[in-house]
Peer 1: 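My questions all concern the structure below.
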Amino acid sequence: MLLRVEDLHKRYGKEEVLKGVSFSLEKGETKVIIGPSGTGKSTLLRCINRLTEPDRGRVWLEDVEITSPKVNINRIRAQIGFVFQDFNLFTHLTALDNVRLGLIRVKGMSKKEATARAMEELARVGLADKANAYPAELSGGQQQRVSIARALAMDPKLILFDEPTSALDPELIGEVLAVMEDLAKSGMTMLVVTHEMGFARTVADEIIFMEKGVIVEQGPPEQIFSSPKQPRTAEFLRRITDLYGGAR
Amino acid sequence: MGEAQLGLPLPPLTLEHWLSVWSYLPTLLQGLSVNLALLGGLLGVGFVLGVIVALLEVYGPRGLRLFAAGYAWVFRSIPEILLLLLMWFGPAQFGLSISPFTAAVLALGLRSSAYQAEIFRGALQAIPTGQTLAARALGFSRLQAIRYVLLPQALRLSLAGWGNEFAVVLKDTTLAYAIGVVEVMRQARYIGSRDFPLTLPAYILVAMLFLVVTYFGLFLLGNVEKRLRIPGLEARR
Amino acid sequence: MALRRVAMAFLILGVVLSGAAAEKFIVGTDASWAPFEWVSAKGQMLGFDLDVMRMIAVLEGYEIEIQDIAFDSIIPAVIAGKVDIGASGFTITAARAEVVDFSSPYWSSDQTVLVRADSGLNIVTALMPGRKVAAQRGTTGAFWVEDNLIAKGVAVELVLYETYPEAIMDLLAGRVDAVVQDQAPSEQAVRQYPGKLIIVGVIKTYEEFGFLVAKGDPKGILPRIERGMKKLKETGAWDNLVAAYFGNPLGVIEAAWEACISILEVGKDPVAYAACLAQKVKELSK
């Protein structure tokens, strides 16, 4: 088992955002978390690498307990890729430097080695020719692909995607999803929060449906999409199909 | 004091006056070099302390944040001339003897650090939190995130404000004469006190020297700003 | 006997070593008060006070470093230990003597009242109520106006300046009516602006100038200054110095100083230096 999440709780003031979430992820598996906005999906991802500290519950990466106070969290985070909704590329660095910085400063690679590795990943997301462009000179889709390359270059055990296409214009969503699909096929372990049902249906090994801070239902895509067990799942899928025009 | 009054005209300045004050140019330039040395020293002291104070103000724990805010308040409130005298006389109370030049660099540098801290603080706070999150998610420690992501952006954003600070403190260096630093204003007074009629021409010459230095300083900073400019990273106004 | 010889050797060694370590005192002055102290066109600090200091230093075997400070900062600097000797035409006053120690007087001076030549003012009309009377901040001229005019109900308006030349410039510009100042600098100002300024009166204050050191003279400097002054007077060097510095154009004094100073600084001979200076000034004045 690569990732195990056990009974995570998180409260912001009076509102409890996560009310005991447990699931696990095998190596090479892609799981997609769906659910209405504001149900704690992003908080869940951030609690996994402790960008947000959970109030209660435990998380293991292989046999290391991430939530243990003794753990060196920086070392753990270097093994967990994170792709943000707003890309969050370093504004002052070129695409190449964005990908390279973590390799040099966190993994301690030589500049030469890091450059080769970064170019490899930029090529993988189809942006080798944009290596010297600054983020502001790239389209949203390109920026998100660079941020995926940045995560990939660190050679992570797992990548967390936090609504990676939600900030993109519709015509740019496809290129990002294509990169993610390739990744999943290549055996990368991925946990994806998204509203892209088409992607969820075709790429996910398993779908997790969350609502109001709890997991309502999880299972293989065919089962969730065609015969959900919970009425709340069915209700959500009906609404989202109306909203986004169904699978792509 | 009270109502404005029309004074008699001073004895007219002749070409001879201007020529003879011109012959003092090397002396004045030598004085100016002291101002520039002061400027370099105080900007350096101010930069290092300013960055530290700004970082403490923005990212420090509560106690240090308060300390940093207090520091900025103290050094922005006390008049420069008073700071100079305090820095010159103060350490002697503890048996420390520092030269007038060092005292001037420290006093003006501390003051400048308070202003520079405000510039850097504004810039740091203008950086979206996503930048920190992205760095931390990659495994950067807090300090690494500051060192490699936040400071490089903040310093670029600060350049315009910093240019203004440069022009201000350049003029402040003339106050150092009060504690015995022989800089350009002092040199101008020497000229005036040995040759009274040259008082005004000497001051005018010094004023022109400052015009030139400020012009070239800002020109240079403008070039640096241009060279460091990165698309998408501009001071948001 | 052997023991005494060893002790003697140590004593000599000690003297030699202390000589090598070069005892040094910092002299504070406000170098904008010719002819007592000013800065030459070539950037040299000279003047009567400063040459006396240099000559005594040679006679008494110590070094000095001259530091130029705003006049009203010199006494605070001496008190704070930033400066060892104040030599800037300081009038010996009771108030000052409470916070510093003075040498015996080396110069007597009276205050003079300086006005514009075309103003038609005299010693009485220049100091009438309502007149703007200028002086340098912290000087006895300023104190005299406060104590003898304002405090006694003669409501002149006292205007204070950081340096003396600024007061003169404002007098010339008509922004003040009179300047109260020591005699020698006033005469210097009249020489600078021939026909523009006149001295309308001398106020007999019988002021005396002294060099000053920190209260209690912790470094034992005063006895050495006294001894030095005595030697200068006995050898005639003092009179030569007075002849050179007072009543002559600054340019002439500067040229003579340039020509002679090495006799003092390299040759270490104050008497020959003063003779040279007086001689040169005399030659160049012709």
Side-chain angles (χ1 to χ4, degrees), chain A residues 42 45-46 48-53 72-95 97-108 132-138 143-144 146-147 149-156 158-162 167, chain B residues 47 51 54-55 58-59 61-62 119-163 221-237:
Chain A
S42 293
L45 287 195
R46 288 183 184 200
I48 288 174
N49 74 349
R50 282 174 55 192
L51 281 180
T52 297
E53 287 292 343
N72 179 345
I73 192 61
N74 294 328
R75 198 162 297 163
I76 297 290
R77 285 188 188 134
Q79 302 171 38
I80 303 177
F82 201 107
V83 174
F84 295 86
Q85 181 176 344
D86 301 321
F87 338 129
N88 290 341
L89 288 182
F90 302 132
T91 325
H92 65 303
L93 297 178
T94 60
D97 282 328
N98 260 280
V99 181
R100 211 161 47 166
L101 190 66
L103 297 176
I104 297 172
R105 298 302 169 191
V106 177
K107 298 199 109 180
N132 291 317
Y134 285 101
E137 297 167 332
L138 298 172
Q143 289 191 53
Q144 193 58 295
V146 172
S147 95
R150 178 170 71 178
L152 278 173
M154 299 293 284
D155 215 358
L158 135 94
I159 302 184
L160 309 173
F161 291 86
D162 186 8
Chain B
F47 178 82
V51 167
L55 289 174
V58 180
Y59 302 113
R62 193 178 147 73
I119 297 171
F120 298 138
R121 184 175 62 86
L124 283 169
Q125 286 171 337
I127 300 172
T129 51
Q131 297 288 311
T132 316
L133 279 180
R136 298 307 305 273
L138 277 171
F140 282 76
S141 69
R142 238 172 119 75
L143 276 179
Q144 281 180 316
I146 289 170
R147 162 78 181 74
Y148 297 112
V149 176
L150 299 173
L151 267 188
Q153 297 191 22
L155 294 184
R156 283 187 176 85
L157 292 175
S158 301
L159 267 172
W162 207 78
L221 277 172
N223 270 355
V224 170
E225 207 179 337
K226 238 178 255 167
R227 283 186 58 175
L228 292 180
R229 184 164 296 160
I230 287 172
L233 188 69
E234 277 106 24
R236 298 158 188 84
R237 295 166 197 209

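Proteins come first, then strands; the chains are lettered A, B, ... in the order of their sequence lines, and each starts at number 1.
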Peer 1: Considering only heavy atoms, which portion of A:Arg75 lies under 4.5 Å from any heavy atom of chain B: side chain, backbone, both, or neither?
Peer 2: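 Interface part for A:Arg75: neither.
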Peer 1: Can you tell me which portion of A:Asp86 sits under 4.5 Å from chain B's heavy atoms? Options are side chain, backbone, both or neither.
Peer 2: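 For A:Asp86, no heavy atom lies under 4.5 Å from chain B.
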Peer 1: Non-hydrogen atoms of chain A under 4.5 Å away: do they reach the side chain of B:Gln144, the backbone, both or neither?
Peer 2: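 Just its side chain gets close to chain A.
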Peer 1: Apply side-chain contact (heavy atoms from CB on, under 4.5 Å) to residues B:Phe120 and B:Leu155 and explain how you reach the verdict.
Peer 2: CA-CA 7 Å; B:Phe120 298 138; B:Leu155 294 184; 3.7 Å; yes
Peer 1: Tell me whether A:Arg150 contacts the main-chain N or O of A:Leu101 through its side chain, where contact means a donor paired with an acceptor under 3.5 Å.
Peer 2: no
Peer 1: Given the rule in the side-chain contact (heavy atoms from CB on, under 4.5 Å) test, do B:Leu150 and B:Val58 qualify, once you have shown the distances and angles that lead to the verdict?
Peer 2: CA-CA 11 Å; B:Leu150 299 173; B:Val58 180; over 6 Å; no
Peer 1: Donor-acceptor pair, A:Asn98 side chain versus A:Leu93 backbone, under 3.5 Å?
Peer 2: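 Present.
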Peer 1: Of the backbone (N, CA, C, O) and the side chain (C-beta and beyond), which part of A:Phe84 lies under 4.5 Å from a heavy atom of chain B, both, or neither?
Peer 2: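 Answer is side chain: those atoms of A:Phe84 sit under 4.5 Å from chain B.
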Peer 1: To the nearest 0.5 Å, tell me how far A:Gln144 CD sits from A:Leu89 CG.
Peer 2: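 Separation between the atoms: 7.5 Å.
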Peer 1: Which bit of B:Arg147 is near chain A, if near means a heavy-atom gap under 4.5 Å: side chain, backbone, both or neither?
Peer 2: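 The answer is neither part of B:Arg147.
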Peer 1: Does any backbone or side-chain atom of A:Leu160 lie under 4.5 Å from a heavy atom of chain B? Answer side chain, backbone, both or neither.
Peer 2: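 It is neither, since no heavy atom gets under 4.5 Å.
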Peer 1: From B:Leu138 CG over to A:Phe82 CZ, what is the distance, rounded to the nearest 0.5 angstrom?
Peer 2: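 The distance works out to 11.5 Å.
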Peer 1: Sort A:Ile76 into side chain, backbone, both or neither according to what part of it lies under 4.5 angstrom from a heavy atom of chain B.
Peer 2: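 Answer is neither: A:Ile76 stays 4.5 Å or more from chain B.
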